[in-house]
Structures are given as structure tokens and as C-alpha cells.
Amino acid sequence: MVDVFFDDAIKVDRLDPDGKKFDKVSRIEAQSEEYAMNIQLDVNTEVYPIRVGEKFRMALAPTLNLDGSAVTGYIPEGKSKSLADKFEYVMHGLLYKMSEDDSSGSVKVIAYISFGGLQLMLKGDPIHMGKFKLDQRLFLLMRKM
Amino acid sequence: MAKKPQDAIQFTKQPYIEDVGPRKIKSIQFSMFSESDTFKCAEVEVHQGLYYSSEKVPVEHGLLDPRMGPPNKNSVCATCHGKFKDCPGHYGYLALALPVYNVGYLNTIVDILKCICKSCSRVLLSDKERVEFLKKIRNPKLEPLKKTEILKRIVKRCNSMASSRKAVKCSRCGYINGMVKKSTGNNMLGVNIDRDDKVLEECRSAISHTKESRASISMGNMLNPDRVLSLFKKMLDEDCDLLYLSDRPENLLLRNIAVPPLALRPSVFVDSGTQSNESDITERLKRIIQANARLHQELSEIAASKNLNGWADLQIEVAQYINSDVRGVGNMQTTKPLSGFVQRLKGKQGRFRGNLSGKRVEYTGRTVISPDPNLKITEVAIPLLMARILTYPERVSHHNIEKLRQCVRNGPDKYPGARFLRTESALLSLMVPARKRLAEELKFGQIVDRHLEDGDIVLFNRQPSLHRMSIMCHRARIMPWRTLRFNESVCNPYNADFDGDEMNLHVPQTEEARTEALMLMGVQNNLCTPKNGEILVASTQDFLTSSFLITRKDTFYDRAAFSLLCSYMGDAMDLVDLPTPALVKPIELWTGKQLLSVLLRPHANMRVYLNLSVREKNYSKSGETMCPNDGFVYFRNSELICGQLGKATLGNGNKDGLYSVLLRDYNAYAAAACMNRLAKLSARWIGNHGFSIGIDDVQPGERLNENKRARIFEGYRKCDELIQSYNKGMLKLQPGCDAAQTLEAQISSFLNNIRETTAKVCMEELHWRNSPLIMSQCGSKGSPINISQMIACVGQQSVGGRRAPNGFIDRSLPHFPRKSKTPDAKGFVANSFYSGLTATEFFFHTMGGREGLVDTAVKTADTGYMSRRLIKALEDLSIQYDNTVRNASRCIVQFIYGDDGMDPSQMEGKGGIPLNFERLLLKVKSTCPAGEQKSLSPSEIIEESDERLSKDDMTLDGGCSNAFKKSLSEFIQECNTRLKSTRKALKLDDEQVEGENRNILENVAQNISGVTSKQLQVFSDTCISRYHLKRVESGTAIGAIGAQSIGEPGTQMTLKTFHFAGVASMNVTLGVPRIKEIINASKKISTPIITAPLDCNDNLKTARMVKGRVEKTLLGQVAKSIRMVMTSRSASIVITLNMESIQASQLSINAQNVKESILRTPKIKLKEEHIKVLDARKLEIIPPADKSELHFKLHSLKNKLPAVVVKGINSVERAVINRTKVDNKEQYNLLVEGAGLQDVMGTEGINGRKTTSNHIMEVEKVIGIEAARRCIIEEIQYTMASHGMTIDLRHMMLLADLMTFKGEVLGITRYGIQKMKDSVLMLASFEKTADHLFNASVNGRDDKIEGVSECIIMGIPMQIGTGILKVMQRVDDQQPMKGLDPIITSSA
């Protein structure tokens, strides 16, 4: 079974908080509902348009194979079952940094993931971040709700 | 000199001549040429002033007598019968009728005459003094320079004896000696003596009855060369020693002249042999012969009583034969003077600098350069035409015989061919058709001079060669067409562009030369500059632009496009592993950043794991990787995590850039390969993508225009307000400025602000696809100001750092009203280059433009000379095997180079620190992942690191400096505190957290800032081992490197820049002039400033008081009145002090002080009793004078009195209180303009221990030599830093140490260098060539040929760099040979 690190519904609060800098890419600010995580994510809005207020289901998983085995190299199209089938937007990236943030009273842990330059910042309670490890390769899966 | 073969003595057996191998010149002894020497080397007497007879045959005993060498290629020498090639020529001699002075020695002759008695030739000193001086000068350990000083003292002593009014009676013979002077007469070189007046008087009275005029007396005062000669002949050898003469002094005069061989003064037939063209020397000799003949005639005709005009003529001719700069009789300034021997030697084109220190070479090419991004950075494309001319002698061996056979067969005209074949016996040209046969008969061991081929090693150079990277070693690539081509990445070290630059190419001709060139000068071994360790060979221009565009966040490629781009990187043969696409669904897309990751590490077998983080220009200053502008570049294990690449990452001049990190963490090859791939990718990508600039790029939008108009309007309004308040006199003054200065400063700041803000607006408003904007953002070309000038506003034009000056009366141009100070009238250009400049704006713009042009023209000459002096002074400093820095005569300059013995070119950290720990730890953490290992607890970290740091290689004996050890342990401490704070934040140290949660939290903490034992070990091991590798190698020519590192940035500095030193009104000279001042150790500098901290630095009032004490106050400033009071009985001046203003400015002045200061003033000669203090504020001065001049005396006194300094330091111009903010607290210190460091230090209220000056000579005088050294280092660093240049501190230390190691501050000028070096040849090749040579011969100097210049001149390998190495062999003591054991022992 796939060991999903993070699976929650998120709601887009803001789009491009620092102004639109890139044509095809927008930065979304979102809040996860269950774990109350702060999320900042760069999304290629050309292929997957996003508007403020929309809700998505977002997941982070180390593999797309349903049996939990690691993805090796090439991901063939139309291959049997895959986790990606259920989602509309899938990215592949690397967890490169974790840091703590105690500016807002309670301590939060931040995980940073880069999907070939598109950034994800996941800020949440330390207890929910135990599965994340440095240098993990992760898939980000998104589906409109 | 081979005599005619039959002349040689025939031996029955050839005499045995030991073969001692090639001889090496050990030293050169300079001496004077004596009369007998001339005769010895002369083969023929020359007395005919003729060249050729009517049959074009050289005249016997004429100037071109064939016994002085073969006159042309076809004839043989009449003396040695050698051919033109073999015979070096022979000397002749020319006897002079009367002796003449040798001009070169004239000063020496005068000095000797000053010292000796003109009757008995003994030294004038008293016996006791003489013996004392003799003892000193005969000291064998004394340096020649010191001896010259002693000589100077002797001369001064003797001269002062003579010049004193008393007659100097020779203590031995009683002759009365007068003063000796060099004749300043207009027509004759010579020596004058002024006899003592009494003697003259006597003389006159003695001859007064005769009718001889006074002229005869003055004639008698002239010492003629003949008399001088006879005096010199009488001199004792002991006295010669005393006067530092190594030889008999009579050699200082010429009685006969050696006529140089024909080879030195060739005679050339012109006009198809009808006329001959003689060299200047020959023509001069002809004149000498003529003058000599005239003198002969005069001598034979008339008695000696008559003036010998011929003698004077001969003297002049002989003087000009040696040095044609000597003033002649005053005529013949019409044509170019015939050059003398001194002219042949001196100057840039002279023998020393033109032919001995630098020589013309073979195997060289030069042509125009052009770029080729497809070449590797180590390659240079050589045109085929050039490759056919340049050759390399390759020895035939088993491996290359077939190739060389083909070359020989092809001959010199067909590539790849060969020009010559060298067999054991002969050099065969391959022009002949017989080369086919030669090719067949090619044997092992023969040498073929083949054409250049791919992979050959060549040296590539562009002038001006300002640093060692201006000549580097490349590998050849033979290519068609006519230009030399290389990768644009290598433009930087050569400072080349392709607007028509030409470059030179040299081909080393031996294997040793090739190896040395490749190892030491190869491009891949010179990626870094030793100036400061920054990378110099790096991507430029288009490469930056395309990488910037490729790594934009919104560049996506599908599979086809991405694969194509991957194939651009190499030559289609490289393995590439395609990464997983960043976007898997809805479609597979790769980002541009992934392309860069592929570029860095194309396939999995490549073990390059790059880790770095750089802040680019457009970094938003917060958020690190989440920067909205994507300005934070982060590579993790060769994967580009975030950031848009620009100049900071890929360009030169950054120590944490991509190539620097590759070079340090991996090797030069990795960095070079990466550069090659990026060059290829960029060039091909941008070719497809397209990048150009058009008119629409510089058209401002509506909003931009609006914005600009508003800002300019606002700026103008502010300026107008300022001008109005200025006119009303209500301007609030800035400290230390008057109203006009304040106005100028404020207006300038407003106007500059306009340009800067419009630039900012431009950068914000423009579309991201705007080409100039892209170029400026990625740093490939142009700045925001340039863009703003094109689009919005050109801005203020300045001339000499001010606004446009008034060229007309009270105005800059007649288009404006008088005294107008508005922005428009003073050169503010509100238009942009796009909108077009108005006539007046254009004119102001040309004014600024011209200044720039003039500046660059002047700058090159100035900095060039500065570099030359620096090099000459530092060239022979090198690092010895004992780690000391010494000069060529083994004199220690530094005990350890730069205090830690590190190589500046290898320094990784900012500010010349060996390592960048932060980056290294990052790399270790990511390349050596924790995996299953647990991270260490804070206490464990300390334990483990302490253990490692106490090992042998971290001790001082193990070659590790204390500073490094300290910095490393401090860094580990810092990591530790970071871990502690994380654990504290996660509440891990609390006991309440238990069970599952605790494990999770531990895990998280480890991921955030944990360090495992393995990581710590790897980190400290890398640090330490890398530190030890960064030691500077023995033999390094660190002096030359240092000189280049300081000289080269000089060329980039704008010539004259003034800078504010804290306070707006106080200027400091910067730029090249300041560097020149420091290096010259000038006694007088243009802006001396003393920085004086106060004892009580937080109180403005005390600061004012101290200022009052320092700044000079004149009596005129504090006096209410200075009146003349005349009564019937007396006349006096009464001074009334203005006590209110004195108290207001906190000065403690009263009448008593004023009296003292008046008495102290030198020009006013008053005595104690003349000044009466009436009360605290009144004085009366009654000058001593008789009635007749009293009135005038009073008036002059009244004029002088206001200028009397009553308080403060005389040499101080002014003092300014400088306000600084330290930790939100106002602090004050004093900036004092002017000299007088000692006085300022002694002033009450000033912290003398921390007071410094920027005047090096004063610091030396007041605080000492070590302080002067520090001052030199700091001043150079400050000057360089304020021009934005970083230079490794070690170079400046070396320079400062060299300037101070003799115990006094020596400038890098001809006087200073003379005191640093003792080699005559080196000094002669620097400046004042002839003077040094003449003095050396008089003093009999010995040059040991140790330094760099001397070795180059003599053609000997120098003891520096690879030449420091000497192989010696231990030879066991040889057992004395024993005969056979005696058959019968004696004892038996």
C-alpha cells in the first residue's frame, strides 16, 4: 500500500501574493483543512488553471505505484493502475530542506520541496512532519474538489 | 678569435685542454677602462678622419679600417681572417692631443677635487678624521650603498671646510685651497676653483702693474684636465680607497679613445652603392679626429699662453661621443643630434630595456581574434595559414614515424607538412623535391620541424600583459580561415573583446618548455586569479543571458524539446540520463532548471555532487528559496533546487559561484568541462531562441512617462526651493560647509536621486521580455542606470566631480541667465537618449564625455609606469624552502608569507580566509546523508571535535595557524548552538515529551540541524586536509604576483575620484593618485587627514571644546579691536579681546596666553618687556624703535598681529566633528585636516592611543616603522575597497613589508628601489641607466647575477619558481687510496 505522507483538502486563499512575476507559473497560498497546515506552492497555471477560493485535495507520496514499490525511471503512459490515475495534476520533486519556525508562538516545522524549481513550502505542527526526511523524492498529487 | 689556420702553432701532439663543460657567469665586475687597456685591445690606430677612398675601399687607419672587422657580409676581417659571421670585430684606438674629461665621470672628478689638496693631492681631512673614515669605508662587510653615503659625508666635510670663510690650508703642504665647483660656463665643461678672497687679492695686487686684464685671473681659476690629471696621478692609493675609488683616478680622464669595432657602427651603402650611410658613432668619431687635428695644429703653432679653443671643442666632441645630451657650444640644435653611447643604452628602446630585458622571438604569430563557443576553454583555433608557418621540432620515434614521414613528404606548403629535417649532421630544408627520398629514409632520432597540429601546446597572449593570466597556455586546434579563435569564457583574463583586437601566439620548442607551460600556465590551472582567489575564467555575456532565460521558473519543455536541448550540451557522443519530469500529469513537462541539473551531472556515473547557494542580483532579501523573484540559487547534489542563474552564480568575480565551487570541491577539469557544456548549450539555445534589441525595447510606456515627469517636476521644485532659500541666505548649513557648498551638495543629491528612482521605476515597469532588462538583471551587460538613460532620463552630467562649470562669466552657457543655479543651467539632462537631447543638454553631455576620454588616456600611462615600478621593486621576492619571503640577495622580507603562509589564489572564504566552513558543512551534509545513523547530541559534538582538533596536524608545528584553528572550533561551536536552539524549540530537552512523539520529534530535529558522527568527521577531515593543501609552494614568485595584483586593478580605477570621509565637506584623494602617493611614500600628500577619537565620545560639547583646541585660532578672530594708540609720550598698540565670543566657543584664552603666543611667533621680533598685560582682556604692545621708524613699525605690527596663532596647532587646516551611530548611540570623533599628528595626539581630550593619520611618512616619524607598515596596508586597502576592489591582504602586507624592511619607509621610486637592491644591472635596467653604470665602474661594483632582471639580461635561469630547485648529491668521503698491502711488513 502506498504510504502517503500528507493527504488533505486545501483551500486556495491567495494567488501570487507578491504580484504576478511569471507568465505560466503562479504561487498559491493555501490552508489545509484537517492538519491546519500553511502551504505555498508554485503551480503551472497554463496547464492547470487555479482560481482563488477553489478547493483541492492534495497528497504527497513517495511513489505512484499502488503496491508501494519505488518508481524506477520511466513512467509509462496507460500503465496498469497508478496513484496518479485519481489525480489531475502530478509533480515530482525533492525534499531539500527542513527548518523550524517559532516566530508565531507555537513551534512549526517547515518542509521545503522543489519540483524542478517549482517550490512547495509546507508549514505545520512538528507531530505531523515525522515522516518527512531530507533528500526524499516525492510526488505531489492534486485534484479539484 | 680564430687566427689564420697556418698561423697556429703546429704541435706534434695536440695539447690537452680540459673540458669543463659550459661555463656559467658567476658575477660581473665593473671597473674603469685604463689607457693601457685601450692599447691592449686595439688592433689599429685610427687617425684619418676618412671613410672610403675614391675607389670605395676603406682608408687605411681610417674610421672604417678593415682591421676593425669585416665591413660587410662578403669580406673577411683583416685581423683574424674570420668571416662576417665569425668575427665580432676588433677595436682601434685614437690618441688625443691633450687629455679630456670623461663626461660620465665628471661628477666623480669634481667630488675628488673637492676632497684633495690642489697642490699635494692629499685628502684635505685632518689625519684623525681621515683614519676614522678610512677604517669605516674599508670595512668589508659594508654595503656599497652605505659606502656611497660615507663618501658623501667625506665630500660634504671637505667642501664645508673649503666653503667656510677661512682659508683651508692643506695640513701637509700648506697650500691654500679654494672651493671647487662644476663650471657653469656656457661653453666649456670644466671645473672652477674659487680661491679664497685673500689669495685672489694677493694675486691681483701682484699682477696689478702688468697690463693683463682680470680675465687672466679667472682663467687661472679654471682647472684644466691636464692639471687634474697630474693631480690625480699624484694621489696615494690609500686616499683612493678613502674616496671609494676602486681604481686609479687618472682613468677618469681620457687620453685616448677606443674606436669600437665595425659591427657596432655598420656602414651601409645606399643609392645602389654610390653613397655610404655612416652610423652616428662613426660620424662623431670623425668630428673628434678633426677637432683633435685642429688642437694638434694649435699646439704646434702657438705657445700655450693663447686660449686653446681647440681643446674645448675636443672636450665637447668627446663628451657628446659618450652622451649626446651634454650641452654643446649652443649652436646646432637644428638637426637631430648624433646619438652617443649613453643614448644607445638608455630608455625604453635602449639596449637594456629594448634588447637585453626583452628580446624578439621566433615561432610567433599574431592576428585578429574572434569568438567560438564550440571550442573548449583550453583550446585556441589557429588558422591553417598560420599553422603552416609555425613549426614544432618533433623527434622521430617508433610511435610517430608514419605521421612524420607523411609530414616530410608533404613539405612546407601542404598541411600537415614539415619545414625542416634535422639529422645528426645537418639541417635540411624540405623545400626541395628530394623530400620524398628524405621521407623514405627517415630514421629514429632525427628531428622533424613539422607544422602545428591539433593538441600542440601554444602560449597565447594579449597586451597589455598586466597580470600572469595575460599569457596562458592553450592547446591548438587547426581551423580554416584567418582569425585566432577561442571560447568567450576566456575573454576575462586577457581582457579581450572582438572589436578588432589582435593577439599573439608563441610555440614552445622543447618538451620541457611544453610541460612547464602546460602545468604552470595552462588555462585550467589558472582559472583563479591570485589577486583575491576569485574565479576569472567564467561564463560571460550571452552565456549568462541564455542560462538566465533557461532557468526561468516558467520555461517548460516537453520530451522532444528537452532531449534536443540535452543533445546541445555535448558533441553528440555523450551519455545523458533523462531525469523524471517535474510535471508528470496532465502532460509530461521538464523545467529549465532540470536542464541545468542535467548539464551539471549528465549521467549517473558522473560523480560530481555540487552544493552551493548564492544570492543573485534580483534576490528579494528574504525567504531564501521561497524568494518570489526566484533570486536565491540553491544547488543540492548537482540538482538545481531553485533560483534563476545569473552573473553571481556563473560569472567571474565571485568566490561562491558555481565554477569556483566545482574547482574547489572537485577539480579544474570538472569546472572546465562544465563551462564547455554551458558554452555550447547557451550558444545553440540562444541561436534558436533569438535575442536582439529594437526600438520598442526603449520606448517608455504611458505610466513610465507619467512617473518620470512627476519625479523630475518634484526634483526641480525641491531644487528651486533650495536656491531660493540660498538666495535669501536661509539655507541650513551642513557641518564644515559654506552656503554655496551646501547648496551644491544638496542639489546634486536630489538630482542624482531622480536618476536612481527613475531607474528603479524602469526596472519595475518594463516587461520581462525586454532585452536590456534581461541583460541587466542577469548581469551580462548594462546596469539599471543605462536602461534608465535610454528610456527615461540621462541625468546629471558632471565634470571633475561637480556640475558643469562656468565657461562664461557667471554661467555655464549663454543660454541661461547669469548666476543661474537651476538644474538645467548646470548640466542636468532631463531627456532620455530615446526622446533626444536638446542643444544645451547635448553640449553638457559632450563635456562629461570628453572628461572620460581624457581620463582613460592619461590613466593608461600613469598606471603603466606604476606597475613597472612595482614589478621592478618586487620582482625578486620569492618563498624559500624555510617558508620565509626573501629577495634575491637572501635578505628576509617576511618570516612567513602573509602571516599564515597561505596561497592567495586558493582562498575560498571572503576576505582571504582559507575556507568557507558554512558551504563545506552544507556539502558534507548533503553528500554524506545521515541514513540510519543517529545524529550527535550537542555535548557529543564538542567532544568529538575537540578530539579531532587536538591531533598533530592541527598544531602550530603541524603547519596550522592559530587563526585557522580558532575559526574552525568557533564554527563548530556555532553549529552546536544552532542544534541546541532547534532542540529547545521542539522542547526535546524537556522531560515531558515521551514515547512515540519523542521519536518523531527527534527525527524532525535531526532533519533540521542534526549532525551525525560520520558527517562531523568527514567535515573536519576535509577542512584540515584542504587547509594543508592551500599552503603556498616554495619558490613561488610571490613578489611579481603581488605587484601585478596591485598594479592591475589600478588600470580599472577611474583616475581622479574624491570621496567623502564621513563628513560631506571633507574630501580624500582616492584612485590612482592616492595609490601613487602611498607607493611613492610621498613626503607631502594632497589630503592629509588625522582621525582622532575622543576620550569622551558621546558629548557634542566636549567634542567642540577639543575641536577648539586643535583648530588654530588667530588673534584677529578673537580680538575685539587692535588699535594704535599714540600719545605725546609713547606710541603703542592696544589689543582688546572679545571675551564673550571666546567663552562662547569654549576657548581658554586670556591676555596672558595671547602675550605668550605673540612672543612665540617667529616673524614678530618682540621681547618680553615690550608687551604689557593690562588686564584679562587687554594688552599693550610698545615696540622698540627709534623715532624715525616707529610709525612704520607700528603699522607693520598692526598688519601682522591678526595672523598670530593664539590657540591650536599651526599645521592644522581645520577640524571637523564627525558623527557616527554605534548601537543607536551618537558618537563623535574628530577629523583633522592637515599635518601635525604628534600635536593632535598630545592635545587634551583626544585619545592619543587610537589616533591615526593617513600620512604614512608622518606616522613613521611619530609612531614608528611598524605603525607605518600598518598604515600602508590599511591605506591601500581602504583605497582599493572604496573602488569596489578586493585584493588579498597578503599582497598588501608584502608590499608594506618591502617598503619598510630596511628600517625606514622606502618609496617604490628610483630612490627607494636603489636602497632596496644592490644589483647594478637591475638598477641600470630600471632608470638612470648611464649613471648607475658609471658609478658602478668608479666604485668597482660586483654584480652577482642573482635577481630576476640580471638573470634575464645575462640569459641565465633565475632562482625563482621552478628554478629554485637544485639537485645536490651527497658524496661519501672518499677513502684515501691505499696501495697494495706491503708484502713484508716493516715491523716484521
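Naming convention: chains lettered A, B, ... in sequence-line order (proteins, then strands); numbering from 1 in each chain. Fair warning: this is a prediction, and the values are worked out from it, not measured in the lab.
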Given heavy-atom pairs under 4.5 angstrom as the criterion, report whether the side chain, backbone, both or neither of [X] touches chain B.
X: Asp42(A); result: side chain
X: Glu88(A); result: backbone
X: Lys97(A); result: side chain
X: Val47(A); result: both
X: Ile127(A); result: both

Original post:
Under a 4.5 Å heavy-atom cut-off, does chain A meet the side chain of Leu578(B), its backbone, both or neither?
Top reply: neither
**OP:** Give, as side chain, backbone, both or neither, the part of Leu596(B) having an atom under 4.5 angstrom from any heavy atom of chain A.
**Re:** neither
**OP:** Might you work through the side chain to side chain contact (heavy atoms under 4.5 Å, CB included) test for Val584(B) and Tyr89(A), ending with a clear yes or no?
**Re:** CA-CA 8 Å; Val584(B) 183; Tyr89(A) 182 77; over 6 Å; no
Original post:
Relative to chain A, which of Lys593(B), Gln594(B), Lys925(B), Gln644(B) shows the most heavy atom pairs under 4.5 Å?
Top reply: Lys593(B)
Subject >> Between Thr625(B) and Tyr96(A): side-chain donor-acceptor atoms closer than 3.5 Å >> reply: yes
Would you say [X] and [Y] make side-chain contact, with heavy atoms under 4.5 Å?
X: Arg552(B); Y: Phe22(A); value: yes
X: Tyr112(A); Y: Ile641(B); value: no
X: Lys585(B); Y: Phe87(A); value: no
X: Asp135(A); Y: Asn637(B); value: yes
X: Leu583(B); Y: Val90(A); value: no
X: Ser981(B); Y: Glu100(A); value: yes
X: Thr591(B); Y: Phe115(A); value: no

Subject >> From Asp18(A) atom CG to Ser620(B) atom OG, the distance as rounded to the nearest 0.5 Å >> reply: 7.0 Å
Is the count of non-hydrogen atoms from other residues, nucleotides or ligands lying under 6.0 Å from [X] atom [atom1] greater than 12?
X: Lys617(B); atom1: NZ; value: yes
X: Lys20(A); atom1: NZ; value: yes
X: Arg978(B); atom1: CZ; value: yes

In terms of heavy-atom pairs under 4.5 Å with chain B, which of [options] leads?
options: Arg137(A), Arg27(A), Met129(A), Glu46(A); answer: Arg27(A)
options: His92(A), Gln40(A), Met91(A); answer: His92(A)
options: Ala111(A), Gly116(A), Gly130(A); answer: Gly116(A)

Original post:
Is a side-chain donor or acceptor of Asp554(B) paired with a backbone partner of Asp23(A) at a separation under 3.5 angstrom?
Top reply: yes
Original post:
Do any N or O atoms from the side chain of Lys21(A) and from the backbone of Pro628(B) form a donor-acceptor pair under 3.5 angstrom?
Top reply: no
Original post:
Can you check side chain to side chain contact (heavy atoms under 4.5 Å, CB included) on Lys984(B) and Val107(A), steps first, answer last?
Top reply: CA-CA 10 Å; Lys984(B) 197 173 159 213; Val107(A) 177; over 6 Å; no
